[in-house]
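Numbers here simply count residues along the sequence, with the first being 1.
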Amino acid sequence: IHCQGWISSVVPFYIKTAYKDDPPFAHTKVVFSLHNEVLSSPMPDNFEDCLAFRNITNKIIDGFKLEMKSPEDFSKLAINFSDGIIVSNDQVKPELIDFAKTKKVPILDGTDSEGLPPQRYADFYDSISGK
């Protein structure tokens with residue numbers, strides 16, 4: 001599953017926690033693309049409460065120590081549960097790339113101004129899937 005941007009950041013989280021034992025998702029690999037994003041309006045104060053689902057409790061969510069108020073927080077949540085990260089442009093905040101490195105998540109630098117050849121993406125996906 002390839003997720004694009006902060007709006008999809010909860011997908012890796014749910015796939016690797018709430019759905020990890022469901023047969024369709026048990027061995028799913030997730031790639032998350034980082035973008036330089038800005039929220040157009042603030043997140044609700046109770047957003048963390050909205051994440052609780054199935055076996056995911058507020059205690060688990062609080063353990064991430066993320067405020068879930070900015071795209072960076074959402075991206076960090078996704079990085080925590082992704083099998084690979086694609087840096088989509090050179091405007092991505094370096095702190096997010098550093099965070100992915102500390103988590104030892106494989107990173108594909110897609111910031112080449114000429115665009116990456118499709119084979120680079122295919123090779124990256126294959127490396128994550130173990131092919």
Side-chain angles (χ1 to χ4, degrees):
I1 296 174
H2 190 148
C3 302
Q4 296 277 344
W6 77 267
I7 194 73
S8 67
S9 62
V10 297
V11 172
F13 173 60
Y14 285 136
I15 294 292
K16 300 295 183 163
T17 57
Y19 292 101
K20 70 179 181 179
D21 296 324
D22 285 10
F25 301 109
H27 303 288
T28 299
K29 301 296 182 183
V30 180
V31 173
F32 183 74
S33 286
L34 293 170
H35 297 274
N36 182 30
E37 301 176 286
V38 177
L39 293 177
S40 58
S41 59
M43 294 303 294
D45 289 336
N46 68 338
F47 186 79
E48 294 90 351
D49 295 334
C50 298
L51 290 174
F53 177 70
R54 286 189 173 189
N55 59 336
I56 303 167
T57 63
N58 283 355
K59 183 177 180 181
I60 292 170
I61 296 163
D62 291 343
F64 298 123
K65 298 184 180 2
L66 298 171
E67 293 183 27
M68 304 309 288
K69 302 280 184 209
S70 70
E72 292 80 23
D73 287 338
F74 289 100
S75 293
K76 287 179 180 179
L77 179 69
I79 290 167
N80 272 309
F81 293 95
S82 292
D83 299 294
I85 299 296
I86 295 178
V87 179
S88 64
N89 62 58
D90 60 5
Q91 300 300 309
V92 170
K93 294 192 176 181
E95 71 184 61
L96 293 174
I97 299 167
D98 292 342
F99 185 77
K101 288 177 181 176
T102 65
K103 298 293 180 180
K104 298 186 180 2
V105 179
I107 300 170
L108 175 64
D109 184 353
T111 61
D112 187 332
S113 63
E114 300 294 317
L116 291 180
Q119 189 60 46
R120 288 279 310 277
Y121 289 98
D123 292 345
F124 185 69
Y125 292 134
D126 287 347
S127 72
I128 290 168
S129 68
K131 290 185 177 182

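- Note on Val31 and Leu116: same hydrophobic cluster, where clusters join Ile, Leu, Val, Met, Phe, Trp and Tyr whose side-chain heavy atoms are under 4.5 Å apart, directly or indirectly.
- There is a path of hydrophobic side-chain contacts, each under 4.5 Å, that joins Ile1 to Leu77.
- Here the shortest heavy-atom pairing between Ala100 and Ile85 reads CB-CG1, 4.2 Å.
- For the side chain to side chain contact (heavy atoms under 4.5 Å, CB included) test with Ile15, the passing option among Val10, Val30, Asp83, Asp22 is Val30; the others fail.
- Annotation: cation-pi geometry not satisfied between Lys16 and Phe81 (NZ/CZ under 6.0 angstrom from ring centroid, within 45° of ring axis).
- Between Ile86 atom CD1 and Tyr125 atom OH the span is 4.0 Å, to the nearest 0.5 Å.
- With values rounded to the nearest 0.5 angstrom, Ile107 atom CD1 is found 11.0 Å from Ser82 atom OG.
- The closest donor-acceptor contact from the side chain of Ser9 to the backbone of Ser75 lies at 3.5 Å or more, if one exists at all.
- Considering every non-hydrogen atom in both Ser33 and His35, the closest pair reads O-CD2, 3.4 Å.
- We find the CZ-CZ distance between Phe32 and Phe13 to be 14.0 Å, quoted to the nearest 0.5 Å.
- Side-chain contact check for Pro106 versus Ser127: every heavy-atom pair is 4.5 Å or farther apart.
- The CD atom of Glu72 sits 5.5 Å away from atom CD of Glu95, with the distance rounded to the nearest 0.5 Å.
- Atoms CD1 and NZ, from Ile79 and Lys101 in turn, are 11.5 Å apart once rounded to the nearest 0.5 Å.
- Atom CG of Asp126 sits about 7.5 Å away from atom CD of Gln119, to the nearest 0.5 Å.
- For Tyr121, the ring pair (Phe, Tyr, Trp, His ring centres under 6.0 Å) criterion is met by no residue, not counting sequence neighbours.
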